[in-house]
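Data first, discussion second: the structure below is written as structure tokens.
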Amino acid sequence: MTGEELVARAEAAAAAAYAPYSRYLVGASVLTTDGRVFDGVNVENAAYPLGICAEKTAIGAAATAGVRPAEIAAVGITASPCGGCRQWLYEWQVARVSFRRADGTIAEYAPAELLPDSWDLPA
Ligand code: THU
């Protein structure tokens with residue numbers, strides 16, 4: 001599945017987003033190394049900081065099915081991931097991250113490029 005195809009899947013998933021406060025619908029689709037796909041959407045809350053991003057619900061769905069870090073080949077997102085989600089993408093050792101830029105083009109990165117000198121627990 002190409003990055004563009006994964007982003008298209010995330011865009012379809014975004015229709016199910018629960019975003020009554022921002023009205024900004026986000027979708028994310030996780031492709032595992034064994035070919036499974038898990039979708040996620042942003043889920044907001046009236047206590048605004050408690051809302052969660054689409055990337056987290058997608059990775060959470062994969063984790064619930066037993067997927068572990070290094071078992072995610074790619075993630076497609078409808079828009080550029082926020083800083084916190086970049087840390088999640090790094091933690092899960094996602095091989096390739098694709099998202100649609102505001103100008104409509106597809107961006108493709110390795111997570112380390114999205115989070116240079118990323119934070120790790122001290123050894
Ligand atoms: N959002 C995501 O789902 N992913 C991101 O990477 C950035 C932001 C959501 C959170 C909130 O529900 C809405 O977009 C507006 O910030």
Side-chain angles (χ1 to χ4, degrees):
M1 200 179 247
T2 66
E4 178 128 35
E5 288 168 341
L6 207 54
V7 170
R9 183 169 169 129
E11 288 168 342
Y18 176 69
Y21 306 107
S22 73
R23 307 222 172 266
Y24 184 66
L25 310 184
V26 184
S29 297
V30 165
L31 173 67
T32 65
T33 50
D34 64 4
R36 290 175 289 167
V37 182
F38 297 90
D39 298 319
V41 296
N42 55 330
V43 183
E44 297 185 347
N45 191 277
Y48 297 166
L50 299 182
I52 57 172
C53 290
E55 297 89 324
K56 291 181 183 174
T57 58
I59 292 173
T64 303
V67 174
R68 289 296 169 257
E71 296 173 1
I72 297 180
V75 174
I77 315 164
T78 54
S80 177
C82 74
C85 285
R86 291 176 188 219
Q87 185 74 34
W88 268 59
L89 295 164
Y90 174 76
E91 170 88 16
W92 283 78
Q93 299 168 40
V94 175
R96 176 168 50 93
V97 178
S98 306
F99 58 86
R100 195 175 297 284
R101 295 190 184 95
D103 68 3
T105 60
I106 298 290
E108 292 208 312
Y109 290 101
E113 295 176 305
L114 293 173
L115 202 64
D117 291 323
S118 41
W119 179 83
D120 279 297
L121 272 178

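Read the numbers this way: they start at 1 and go in the same order the structure lists the ligands and their atoms.
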Does ligand 1 have any atom sitting under 4.0 Å from a heavy atom of Pro81?
yes

Is any side-chain heavy atom of Tyr90 closer than 4.5 Å to a side-chain heavy atom of Asp120?
yes

Numbered atoms of ligand 1 (with element) below 4.0 Å of Ser22, judged on heavy atoms:
13 (C), 15 (C)

Atoms of ligand 1 less than 4.0 Å from Cys82 heavy atoms?
5 (C), 6 (O), 7 (C)

In the protein, what heavy atom is nearest to [atom], and what distance, to one decimal place, separates them?
atom                    : result
atom 9 (C) of ligand 1  : Asn42 ND2, 3.6 Å
atom 4 (N) of ligand 1  : Glu55 OE1, 2.9 Å
atom 3 (O) of ligand 1  : Ala54 N, 2.9 Å
atom 14 (O) of ligand 1 : Tyr24 CD2, 3.3 Å
atom 1 (N) of ligand 1  : Cys53 SG, 3.7 Å

Are any of the N or O atoms of Cys85 closer than 3.5 Å to those of ligand 1?
no

Partners of Glu4 by side-chain hydrogen bond (donor to acceptor under 3.5 Å, both in side chains), sequence neighbours excluded?
none

Connected via hydrophobic side-chain network under 4.5 Å: Ile77 and Tyr109
yes

In terms of ring plane angle, is the pair Tyr21 and Tyr48 parallel, tilted or perpendicular, where the classes change at 30° and 60°?
tilted

Closest heavy-atom pair and its distance - Asp39, Ala61:
O-CB, 4.3 Å

Scanning both residues in full, the closest heavy-atom pair of Gly76 with Leu6 reads N-CD2, 3.4 Å

Using heavy-atom distances only, which candidate in Lys56, Arg86, Glu44 approaches atom 11 (C) of ligand 1 most closely?
Glu44

Candidates Leu115, Leu114, Val26, Val75 - the one meeting side chain to side chain contact (heavy atoms under 4.5 Å, CB included) with Pro81:
Leu114

